[in-house]
There are 2 protein chains.
Amino acid sequence: MMIRVAIVDDKPNNRRVITDKLGRDDRFMVAFEARDGEDFLLRMKDLAGTEYPHVVLMDLEMPHVDGVTAIATASSLYPSVSFVVLTIFDDDEKIFKAIRAGACGYLLKDESGKVITDMLINLRESGAGPISPSIAYKILQMVQQPELVKSEKEKQENIFLLSDREKEILQLLSEGLEYKEIGSRIFISPNTVKKHCISIYQKLHVSGKAQALRIAYTKGLI
Amino acid sequence: MMIRVAIVDDKPNNRRVITDKLGRDDRFMVAFEARDGEDFLLRMKDLAGTEYPHVVLMDLEMPHVDGVTAIATASSLYPSVSFVVLTIFDDDEKIFKAIRAGACGYLLKDESGKVITDMLINLRESGAGPISPSIAYKILQMVQQPELVKSEKEKQENIFLLSDREKEILQLLSEGLEYKEIGSRIFISPNTVKKHCISIYQKLHVSGKAQALRIAYTKGLI
DNA sequence: TGAAGGATACTCCATTTGGATAGTTTTACA
DNA sequence: TGTAAAACTATCCAAATGGAGTATCCTTCA
């Protein structure tokens with residue numbers, strides 16, 4: 001059975017390129033094209049359940065109703081339809097919003113025709129949504145650090161007026177090295193390492209390794 | 001420059017297969033092999049920073065110390081090293097745990113040699129971790145169902161199987177208190193505090209306060 | 001030119017820590 | 001109710017740590 005595909009993109013040229021890529025493969029047929037999210041939702045309303053596309057290739061930035069909104073609406077109304085983002089945008093926020101809206105795949109437009117068709121066939125056979133490798137890695141990072149997006153915690157590296165050497169020692173200290181290990185790593189005497197450590201503790205107004213490391217971690221010194 | 005790869009798998013035959021796959025490509029060299037997580041952590045300790053592998057291909061189910069624990073420990077201790085899971089397991093929980101532990105990629109063993117080498121080259125060039133397509137889709141679903149991720153989020157804190165008492169001690173240790181101070185704070189003997197600390201170090205597979213605190217901070221244990 | 005601060009190196013000393021070993025009590029669970 | 005796990009206590013020893021003091025060499029800057 002042929003896979004019915006709908007294409008939603010505001011650029012006629014983009015739609016034509018995708019249609020051509022799929023047209024060379026007789027496992028696909030383009031059910032319809034839409035120029036934006038609103039157009040897509042209206043066309044879906046006119047279809048009977050048996051005419052729904054299996055897959056919708058959806059651009060993101062479009063007039064009237066954008067891709068994320070269209071996916072959020074349509075994935076609820078038509079749960080049997082798979083929504084795959086096909087766009088040039090690869091920033092974290094768009095990826096995140098599209099997935100949360102209900103996209104089951106995310107492809108970049110620079111993927112080759114064969115990669116796209118292969119992944120769509122696989123979607124049909126195994127249910128696994130198609131995802132471009134670079135997008136997959138960004139999604140992995142979202143799982144890795146859920147509250148990451150508030151990046152850019154200002155490194156106040158110099159409020160304690162540590163010298164370069166002292167910052168270097170502090171870094172090595174945080175890696176769990178002992179005086180003698182640090183010494184041999186940067187070619188100075190363990191005694192000197194200790195002297196640096198004591199200076200660091202004084203500048204940080206702490207007494208001991210653990211407290212110094214606490215400040216280092218929480219203030220972003222390392 | 002060649003990419004140094006370490007291979008961690010308890011089956012000698014698996015290690016040989018991977019070594020062979022990489023051996024045909026002169027962009028790679030196998031830095032060392034290890035038979036389990038414990039073996040891997042011990043071998044890493046003996047290396048100088050310049051000898052660290054760029055990438056570690058890690059199986060998950062292994063005796064002594066499993067892959068997730070090894071990644072959790074080593075990704076804190078050696079932040080410059082990339083950890084890629086290479087396994088036959090594709091169940092959600094293993095994937096989730098490995099990613100949260102610090103894996104930057106997840107490959108299935110049935111990937112061809114070329115796919116693996118291509119993705120490792122790409123990791124080197126773009127920093128994007130290699131992810132098998134079917135795994136990528138499962139990760140996407142994790143983002144889609146945040147409550148699932150959230151309920152398992154607490155497990156992150158327990159991948160090292162610290163007891164409540166040990167977590168309490170670790171918390172106090174991070175505040176820079178000494179054994180006797182911790183003891184009087186929670187009304188136990190300093191000797192007991194020390195015993196707990198040593199147990200913590202064993203469970204975290206580290207030797208010393210600084211390394212334990214590093215893992216505690218970077219893995220969100222405190 | 002001379003003061004100030006950084007980096008280096010050393011000594012002496014008391015304290016803290018890591019590691020091993022060997023127990024007892026308490027708690028949890030099957 | 002028995003057993004396993006966790007929590008607690010204790011002691012010994014070698015190593016690492018922190019604290020203080022002293023000293024030389026170098027660069028920077030007023």
Side-chain angles (χ1 to χ4, degrees), chain A residues 157-217 221-222, chain B residues 38 41-42 44-46 64-65 69 73 76-77 154-155 157-217 221-222:
Chain A
E157 294 191 15
N158 263 3
I159 60 174
F160 294 106
L161 301 175
L162 294 185
S163 70
D164 288 344
R165 197 57 155 175
E166 286 162 347
K167 281 186 275 191
E168 187 180 9
I169 301 279
L170 184 58
Q171 173 64 43
L172 293 168
L173 210 58
S174 78
E175 293 174 16
L177 302 179
E178 294 169 352
Y179 290 163
K180 68 172 75 167
E181 291 174 315
I182 295 175
S184 60
R185 185 80 74 92
I186 60 177
F187 309 109
I188 62 175
S189 155
N191 301 306
T192 309
V193 176
K194 183 166 72 165
K195 184 76 185 70
H196 285 308
C197 287
I198 292 174
S199 298
I200 292 169
Y201 301 156
Q202 287 172 343
K203 289 186 179 178
L204 263 46
H205 306 290
V206 298
S207 60
K209 195 191 295 182
Q211 290 183 347
L213 291 179
R214 182 185 188 82
I215 291 181
Y217 283 114
L221 269 53
I222 51 181
Chain B
E38 189 174 21
L41 291 171
L42 288 174
M44 285 295 289
K45 274 186 192 168
D46 289 336
H64 304 308
V65 174
T69 308
T73 303
S76 289
L77 262 37
E154 282 83 49
K155 291 185 181 176
E157 296 169 14
N158 263 9
I159 59 175
F160 293 107
L161 301 175
L162 294 184
S163 71
D164 288 344
R165 196 58 153 179
E166 286 163 346
K167 281 188 272 193
E168 187 181 10
I169 301 278
L170 184 58
Q171 173 64 44
L172 293 167
L173 208 59
S174 78
E175 293 173 16
L177 277 55
E178 294 168 354
Y179 290 164
K180 65 173 74 167
E181 291 173 317
I182 295 175
S184 61
R185 184 81 73 90
I186 60 176
F187 308 110
I188 62 174
S189 154
N191 301 304
T192 308
V193 175
K194 182 168 66 167
K195 181 71 187 68
H196 285 309
C197 288
I198 292 173
S199 298
I200 292 169
Y201 302 158
Q202 287 172 343
K203 289 186 179 179
L204 264 47
H205 304 101
V206 298
S207 58
K209 196 192 295 182
Q211 290 186 337
L213 292 179
R214 183 185 189 84
I215 290 181
Y217 283 114
L221 270 54
I222 51 180

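Order of the sequence lines fixes the chain letters, A, B, ..., with proteins taken first and strands second; residue numbering starts at 1 for each chain.
- In the set dA9(C), dC8(D), dG18(D), dA9(C) carries the atom at the smallest distance from any side-chain atom of Thr192(A).
- The side chain of Ile198(A) has dG19(D) as its nearest neighbour among dA9(C), dA6(D), dG19(D).
- If you find the closest nucleotide of DNA chain D to Glu166(B) and to Asn191(B), the one lying nearer the 5' end belongs to Glu166(B).
- Looking at His205(A) and Ile215(A), their side chains never come closer than 4.5 Å, going by heavy atoms from C-beta outward.
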side-chain contact (heavy atoms from CB on, under 4.5 Å) evaluation trace for Ile188(A) with Arg165(A)
CA-CA 11 Å; Ile188(A) 62 175; Arg165(A) 197 57 155 175; 3.3 Å; yes
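- Following rounding to the nearest Å, Ile200(A) (CD1) and dG6(C) (C1') show an atom-to-atom distance of 13 Å.
- Set against dG18(C), dC8(D), dC10(C), the side chain of Tyr179(B) has dG18(C) as its closest nucleotide.
- Residue Ala210(B) is the one, among Ala210(B) and Lys195(B), whose nearest nucleotide of DNA chain C lies closer to the 5' end (criterion: closest heavy atom).
- Nearest-nucleotide mapping onto DNA chain C: of Ser189(A) and Lys203(A), the residue sitting toward the 5' end is Lys203(A).
- The side-chain heavy atoms of Lys203(B) and Ile200(B), taken from C-beta on, include no pair separated by under 4.5 Å.
- Atom CD1 of Ile169(B) and atom C1' of dG18(C) are 15 Å apart (whole Å).
- Recorded end-axis angle for the helix from dT1(C)-dA30(D) to dA30(C)-dT1(D) stands at 60°, based on five pairs per end and rounded to 10 degrees.
- With contacts defined as side-chain heavy-atom distances shorter than 4.5 Å, the pair His196(B)/Val193(B) does not qualify.
- Without hydrogens or angle criteria, Glu181(B) side chain to Glu178(B) main chain gives a donor-acceptor distance under 3.5 Å.
- Protein atom CD1 of Ile188(B) is 14 Å distant from nucleotide atom C1' of dT26(C), rounded to whole Å.
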Show the numbers, then the answer: is there a side-chain contact (heavy atoms from CB on, under 4.5 Å) between Lys194(B) and Ile198(B)?
CA-CA 6 Å; Lys194(B) 182 168 66 167; Ile198(B) 292 173; 4.2 Å; yes
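- If you measure from atom CD1 of Ile186(A) to atom C1' of dA9(C), you get 13 Å, rounded to the nearest angstrom.
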Could you walk me through whether Arg214(B) and Leu77(B) pass the side-chain contact (heavy atoms from CB on, under 4.5 Å) check?
CA-CA 7 Å; Arg214(B) 183 185 189 84; Leu77(B) 262 37; 4.2 Å; yes
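- When each of dA20(D), dG18(C), dT16(C) is scored by its nearest atom to the side-chain atoms of Tyr201(B), the top-ranked nucleotide is dG18(C).
- The listed nucleotides are dG19(C), dA7(C), dG18(D); the one nearest the side chain of Ser207(B) is dG19(C).
- The distance from atom CG of Leu213(A) to atom P of dT17(C) is 14 Å, rounded to the nearest whole Å.
- One interatomic measurement links the two molecules: CD of Gln202(B) to C1' of dT21(C), which rounds to 12 Å at whole-angstrom precision.
- For Lys180(A), the NZ atom counts as loosely surrounded, since its 6.0 Å shell holds 12 or fewer non-hydrogen atoms of other residues, nucleotides or ligands.
- To the nearest angstrom, P of dT17(D) lies 13 Å from CG of Leu172(A).
- Residue Arg165(A) places its side chain closer to dA7(C) than to any other of dG18(C), dA7(C), dC10(C).
- Among the nucleotides dG18(C), dC8(D), dT17(D), the one closest to the side chain of Lys209(A) is dT17(D).
- In this structure, Lys194(A) places its NZ atom 12 Å from P of dA20(D), rounding to the nearest Å.
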